[in-house]
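If you're wondering where the values come from, they're calculated on a predicted model, not measured in any experiment. First listed ligand is number 1; within each ligand, the first listed atom is number 1.
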Amino acid sequence: MSENIESVLTEKRVFEPSEETARAARIKQADLDAMYGKAESDHAGFWADLARSELHWQKAFSEVLDDSEAPFFRWFADGELNVSENCIDRHLEDRGDKPAIVFEGEEGDTATYTFRDVHREVCLFANALKAKGVEMGDRVVIYMPMIPQAVFAMQACARIGAIHSVVFGGFSADALRDRINDCEAKAVITADGGTRGGKVQPTKKGVDDAIAGGCKTVSTVFVYQRAGNEVNMTDGRDVWWHEAVADQPAECEPARIPAEHPLYLLYTSGSTGKPKGIQHSTAGYLLNAVVTCKWVFDLRDDDVFWCTADVGWVTGHTYVAFGPMACGVTQVMYEGAPTIPDGGRIWRLTQNHGVTVFYTAPTAIRALMKLGDDFPNSCDLSKLRILGTVGEPINPEAWMWYYQVIGGERCPIVDTWWQTETGAHMISPLPGVTPLKPGSCTRPLPGIAADVVDEEGHSITEPDQGGYLVIKKPWPSMLRTIWGDPQRYKDTYWPKFDGKYYLAGDSARKDADGYFWIMGRIDDVVNVSGHRLGTMEVESALVAHEQVAEAAVVGIPHEVKGEGIFAFVVLKGERPEGGYDEKLVKELIQWVGKQIGPIAKPEDIRFADNLPKTRSGKIMRRLLRNVAQGKEVEGDTSTLENPAIIEQLQGRS
Ligand code: WTA
């Protein structure tokens, strides 16, 4: 099929689970088979059983899945429960004195909060919110550094049924203002400042600037004192967190929340237009958060879990603020840069806090890999038992390094595919059960009807033929809508296949074993002479060259081929003078030709010190496309981590 996306990358290595991990696994192959069987024969019933056994309900549900207004699905709609009660109160009796959060700041300061401590902090702050008139259904924006109070704030909102929206603390005041206004937030929760890279980031000032630009709905700004930097407090609007909780009772009844009540909004930028407020539900969302923590991370009572994601991203919601808390495990939280004071920080944190399950992003793995093996080798990482990755396809080289150097060839790597919109893991290996292939997220989890289909929506049965990644049945933690814009929800996620399948926006292929390989976003596809190539595969080939640390590939118009490939490359060593080195360009072009085939050879390559990335580490290909085509950079660059890099790429610095 010519319009299908052609796959050119073949990775043949397979890593079977060791006998030991297979024996230790919570879910065995037979259990997994039974789960698939049950989900296949009774999809809604499969999820209903889990919802009953995994969540604590204040009022049991009788309705399971309501699809009468598809694609606006409702799950467990007549039930009532409280997320905060499920995450905290449930553990007080058995685990009240167990550490819930072990926190470390960049300067080495530490703080430990037991579940009882978390309960107290959350109740106090929930009462403070109520005292300022925040009620069920009101929106509250959280703009904070990566400190435990960010989690307390999220949990406190959940406790009273306020809908929180976390805006990543590194976003600009403009980005913050747009989000506050889009959701018409009544209150903002922030901190004076946070510390990253040895510098204090003036978080509260960002809120002041945002509101000065016009945020009419905000009546209260809560300010947690963290960095001790000077801040302006506006009378009648701003209140210190510690003063707001001072007279509050340390008990706050968890509100009875209808299952479909929105738990939070999280804004993601689309390829065009204003950010989308992805709306998540209460019960369905929590259910997938909990079960994936158990299935994929195999979390148990004696685990120490560390997910390095900031609470500003969905990963920091599902796998910091909610999932691990609901499972009652101890987790590590770190505020600061991964390389302060040196490249060993992450591994020392892992060693010192006895981390057993570690979850991070490929971009972080590649960055740490670039610093060499000495840092991890000088730490005792023997307590680690499971490693995870998320956010983009992991190239096999980085996978192998993670597996060998960090995991000592002992720890399964769970390469988890999911999205802000899906709420929780969708496609992922189960540790100790699924044989691993570097670069593949393997198979859909039970109850997740993921598939790869062609333009007409037909399942692609031939192995290694690329197509659209879709989800064919609703699942509990799916987004419910885009806040305030149901039409955009329909247009974005259900535009094809008669609106029957959820369109993830990624291209993927399945191999002969039914393993899924994510090839990139649909709009990251380059069409060379009628062959649609996933950019990720070309990037992966480039990164496999010994001198290359990172690569990003975009399409440029080509007279003969339709589109040609243009590559941006970050070398392991110095950037060549002027960003160009003819000999190396030729060598790399040949290299890709050899790795993948002549079709994938880049037309040209430019070297840079870095790539333009969002704060969550995603390469902004839209900008690279502009640069490669010699155009001015268009559109929003406010979420860019390193704006100066654009100048360099354009050859202006
Ligand atoms: C990409 C992050 C390959 C994918 C949880 C998806 C991945 C987008 C993987 C969602 C993975 C995420 N392998 N690609 N394991 N995980 N992606 O909303 O393109 O920030 O659509 O959610 O990241 O990014 P988001």
Side-chain angles (χ1 to χ4, degrees), residues 5 9 11 166 168 264-271 275-280 285 288-289 292 296 307-320 322-323 359-366 387-396 398-399 402 413-429 434 436-445 448 450 452 466 468-471 477-479 482 492-493 502-510 515-525 534-537 539-540 552 613-621 639:
I5 300 156
L9 192 79
E11 167 62 53
V166 182
F168 175 57
Y264 68 83
L265 311 174
L266 185 56
Y267 285 86
T268 69
S269 25
S271 39
K276 303 173 283 199
I278 303 300
Q279 178 180 323
H280 278 293
Y285 170 78
N288 283 73
T292 52
V296 175
C307 164
T308 65
D310 190 278
V311 288
W313 313 114
V314 72
T315 308
H317 284 62
T318 309
Y319 301 108
V320 178
F322 298 114
Y359 191 36
T360 195
T363 179
I365 298 168
R366 284 194 298 269
L387 300 173
T389 123
V390 60
E392 53 177 315
I394 181 165
N395 50 298
W399 194 101
Y402 201 29
I413 295 180
V414 289
D415 178 350
T416 60
W417 179 86
W418 61 296
Q419 308 177 288
T420 304
E421 292 86 343
T422 71
H425 301 154
M426 303 293 279
I427 311 180
S428 172
T434 316
L436 306 172
K437 303 188 188 184
S440 168
C441 52
T442 76
R443 293 163 181 276
L445 294 173
I448 302 300
V452 179
Y468 296 101
L469 181 59
V470 295
I471 318 290
S477 65
M478 67 195 301
L479 79 164
I482 292 173
T492 309
Y493 302 106
Y502 168 82
L503 183 73
D506 283 352
S507 55
R509 67 180 164 96
K510 282 196 281 177
Y515 275 44
F516 284 65
W517 298 76
I518 307 297
M519 297 162 74
R521 297 291 298 170
I522 290 172
D523 47 11
D524 289 341
V525 164
T535 48
M536 176 258 151
E537 300 186 296
E539 290 162 9
S540 212
K613 285 185 189 157
T614 65
R615 312 255 177 180
S616 66
K618 284 204 172 44
I619 295 167
M620 291 183 82
R621 289 200 176 66
T639 57

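A donor-acceptor pair shorter than 3.5 Å cannot be found between the side chains of Thr420 and Tyr267. Side-chain atoms of Tyr502 and Thr422 form no donor-acceptor pair, as typed in the model, at a separation below 3.5 Å.
Just one residue in the list Ile413, Thr360, Thr363 forms a side-chain contact (heavy atoms from CB on, under 4.5 Å) with Thr389, and that residue is Ile413.
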Return a table of N or O atom pairs, ligand 1 on one side and protein on the other, at distances under 3.5 Å, rounded to 0.1 Å.
residue  : atom   : partner : partner atom : Å
ligand 1 : 13 (N) : Glu392  : O            : 3.4
ligand 1 : 14 (N) : Pro393  : N            : 3.3
ligand 1 : 15 (N) : Asp415  : OD1          : 2.6
ligand 1 : 15 (N) : Thr416  : O            : 2.8
ligand 1 : 16 (N) : Gly391  : N            : 3.1
ligand 1 : 16 (N) : Thr416  : O            : 3.4
ligand 1 : 17 (N) : Gly391  : O            : 3.3
ligand 1 : 18 (O) : Thr420  : N            : 2.9
ligand 1 : 18 (O) : Thr420  : OG1          : 2.6
ligand 1 : 19 (O) : Asp506  : OD1          : 2.9
ligand 1 : 19 (O) : Asp506  : OD2          : 3.0
ligand 1 : 20 (O) : Lys618  : NZ           : 3.3
ligand 1 : 21 (O) : Gln419  : NE2          : 2.9
ligand 1 : 21 (O) : Asp506  : OD1          : 3.1
ligand 1 : 21 (O) : Asp506  : OD2          : 2.9
ligand 1 : 21 (O) : Arg521  : NH1          : 3.0
ligand 1 : 22 (O) : Thr420  : N            : 3.3
ligand 1 : 23 (O) : Gly391  : O            : 3.1
ligand 1 : 24 (O) : Lys618  : NZ           : 3.4

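Side-chain contact between Arg509 and Val452 is absent, with no heavy atoms from C-beta onward closer than 4.5 Å.
Between Tyr319 and Trp418, the angle of the ring planes goes over 60°, which puts this pair in the perpendicular group of the 30/60° scheme.
In this structure, His425 has its ring center closer than 6.0 angstrom to the ring center of Tyr359.
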